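Okay, so here's the structure we're looking at.
The first residue of the sequence shown is numbered 1, and numbering continues consecutively from there. Here the structure is a predicted model, which is why all the values come from computation and not from measurement.
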Amino acid sequence: MKKLNIGVLRHEFRSYHTSEILKKASAKGNVIKLDPKHICLFLRKGMDITLRQKDVTDLDILIPRVDSDYFDFGLWVVKQYEKLGVPCVNSSKTIEICQNKFLTSLALKKKRVPEPDCAIAASPTDMIKHIRKMQKPLVVKLLYGSLGLGTAKINDDQEAQDWLETLGELKQPVYIQEYVEKQNTDYRLFIVGDKVITGIKRIAKPGQWKTNLQYIENRESFKPSKELKEFGFKCKEAVKADVCAIDFAI
């Protein structure tokens, strides 16, 4: 029986999450590490994809783990594999949606998933006019990124002014979100295909409002109810994901 050729698209393979994917994938087939830095895409008959002059079009599945440094190019690689008929988990469409916080919010709104109100503007000057009329606190975030980096709670107009001026210097779009008052706990569901694999409860450190991994004091598993599972699948459907993690507060 032919072993699967499993491509893993990533520039940096040393992280814990990526090394675990490589380990599990190796048990299922031949793992091919695809570094976007060394890939060349050819738009000609056959639509070749080469990695250091070696043809890598013969994949049975691609697992994209696109780094932010090579996000655009990595996304083009995924799109070309999709054109070649290679299943990608997740798809380029899902990656585009989930990498961008506003597109994620838009997708969830379309599915009527309850989430904090948000807004985006290219100009910090225009945004501050609206923020002055809004109830505080608010949350300001970088449009792209994860792990809670570039995220701040805004308690008054002066804090908003300071943050928006900084984002203006960086030529970054301004993304703001309603602050939801909750206890120092949130929850995460992990879904693969049509199954909820597990649920994790994350407890923040004292005085900390963020519950990203580096800000938590403890985490523990929990058994999600039928209603929470249905909520998770609704989110998964909204962003068209095959594999996803959904964060929520109760």
Other residues, nucleotides, ligands: >12 heavy atoms within 6.0 Å of K28 NZ: no
Are the charged groups of D60 and K3 less than 4.0 angstrom apart, N to O? no
All heavy atoms of P36 vs all of F73, minimum pair found to be O-CE2, 3.3 Å
Is any side-chain heavy atom of L189 closer than 4.5 Å to one of P224? yes
Within the structure provided, determine whether F233 and V196 are in side-chain contact (heavy-atom separation under 4.5 Å). yes
A quick test of your reading: do over 12 heavy atoms of other residues, nucleotides or ligands sit less than 6.0 Å from NZ of K240? no
Distance-only criterion, 3.5 Å: show the donor-acceptor pairs between side-chain atoms of residues 128-135 and protein atoms not counting sequence neighbours.
residue	atom	partner	partner atom	Å
R132	NH2	Q161	OE1	3.4

L59 versus V86, closest heavy-atom pair with distance: O-CG2, 3.7 Å
Shortest non-hydrogen contact from Y187 toward K201: CE2-CG, 3.7 Å
Distance check, rounded to the nearest 0.5 Å: L4 atom CG versus N30 atom CG? 8.5 Å
Flag the pair T50 / V56 as yes when at least one side-chain heavy-atom distance between them is below 4.5 Å, and no otherwise. no
I want to check something: taking the side chain as every heavy atom from C-beta on, are F222 and L228 in contact at a cut-off of under 4.5 Å? yes
For the residue pair P137 and N155, what are the closest heavy atoms and their distance? CB-OD1, 3.8 Å
If hydrophobic clusters are built by linking Ile, Leu, Val, Met, Phe, Trp and Tyr wherever their side-chain heavy atoms come under 4.5 Å apart, do L103 and L108 end up in the same one? no
Decide if atom NZ of K83 counts as having more than 12 heavy atoms of other residues, nucleotides or ligands within a radius under 6.0 Å. no
State the SG-CG distance between C98 and N90, to the nearest 0.5 angstrom. 7.0 Å
Salt bridge (charged side-chain N to carboxylate O under 4.0 Å, His left out) partner of E237, the single match among K111, K110, R112: K111
Taking the side chain as every heavy atom from C-beta outward, state whether V66 and L75 have any pair of such atoms under 4.5 Å apart. no
D186 side-chain N/O to A249 backbone N/O, donor-acceptor pair under 3.5 Å: no
Of all heavy-atom pairs between S91 and V78, which one has the smallest distance, and what is that distance? C-CG1, 4.5 Å
Got I203 and E220 here, is their nearest side-chain heavy-atom distance under 4.5 Å? yes
With side chains defined as the heavy atoms from C-beta onward, is the minimum distance between L62 and V89 less than 4.5 Å? no
Judged by modelled atom types alone, do Y179 and Q177 share a side-chain donor-acceptor pair under 3.5 Å? no
Any side-chain heavy atom of Y175 sitting closer than 4.5 Å to one from V140? no
Between Q80 (side chain only) and D48 (backbone N and O only), is there a donor and an acceptor less than 3.5 Å apart? yes
For K136, is there an ion pair with D156 - N to carboxylate O distance below 4.0 angstrom? no
Side-chain donor/acceptor of T94 to backbone N/O of V239, under 3.5 Å: yes
From L84 CG over to I49 CD1, what is the distance, rounded to the nearest 0.5 angstrom? 5.0 Å
So R52 and K54, side-chain contact (heavy atoms from CB on, under 4.5 Å) or not? Walk me through it. CA-CA 6 Å; R52 291 190 182 278; K54 180 181 178 182; 5.8 Å; no
May I ask you to decide if K101's main-chain N or O and S105's side chain share a donor-acceptor pair within less than 3.5 Å? yes
Are side-chain N/O atoms of S92 and E82 paired as donor and acceptor at under 3.5 Å? yes
Sidechain-backbone polar pair: R65 side chain, L9 backbone, donor-acceptor under 3.5 Å: no
Summary of ring-ring contact (aromatic ring centres under 6.0 Å, His included) pairs that have at least one residue in residues 22-72, sequence neighbours excluded: H11-Y70
Under 3.5 Å: donor-acceptor pair, side chain of K153, backbone of V139: no
Is there a salt bridge (charged side-chain N to carboxylate O under 4.0 Å, His left out) between K236 and D242 once you walk through the steps? CA-CA 8 Å; K236 173 181 174 290; D242 299 302; 5.6 Å; no
Between E178 and D117 (side chain of the first, backbone of the second, donor and acceptor by atom type, cut-off under 3.5 Å), is there such a pair? yes
Is it true that E20 and K23 have a side-chain N and a carboxylate O under 4.0 angstrom from each other? yes
Short side-chain to backbone donor-acceptor contact, N5 and D58, under 3.5 Å: yes
The test is side chain to side chain donor-acceptor pair (under 3.5 Å); show your working for N100 and E96 and say whether it passes. CA-CA 7 Å; N100 182 307; E96 284 180 305; over 6 Å; no
Shared hydrophobic cluster, I21 / Y16 (ILVMFWY, side-chain heavy atoms < 4.5 Å): no
Assess whether a salt bridge exists between D67 and R10, defined as any Lys/Arg side-chain N lying under 4.0 Å from an Asp/Glu carboxylate O. yes
Over all atoms of both residues, closest heavy-atom pair of I6 and G29: CD1-N, 4.1 Å
Checking S26 side chain against L22 main chain: does a donor-acceptor pair fall under 3.5 Å? yes
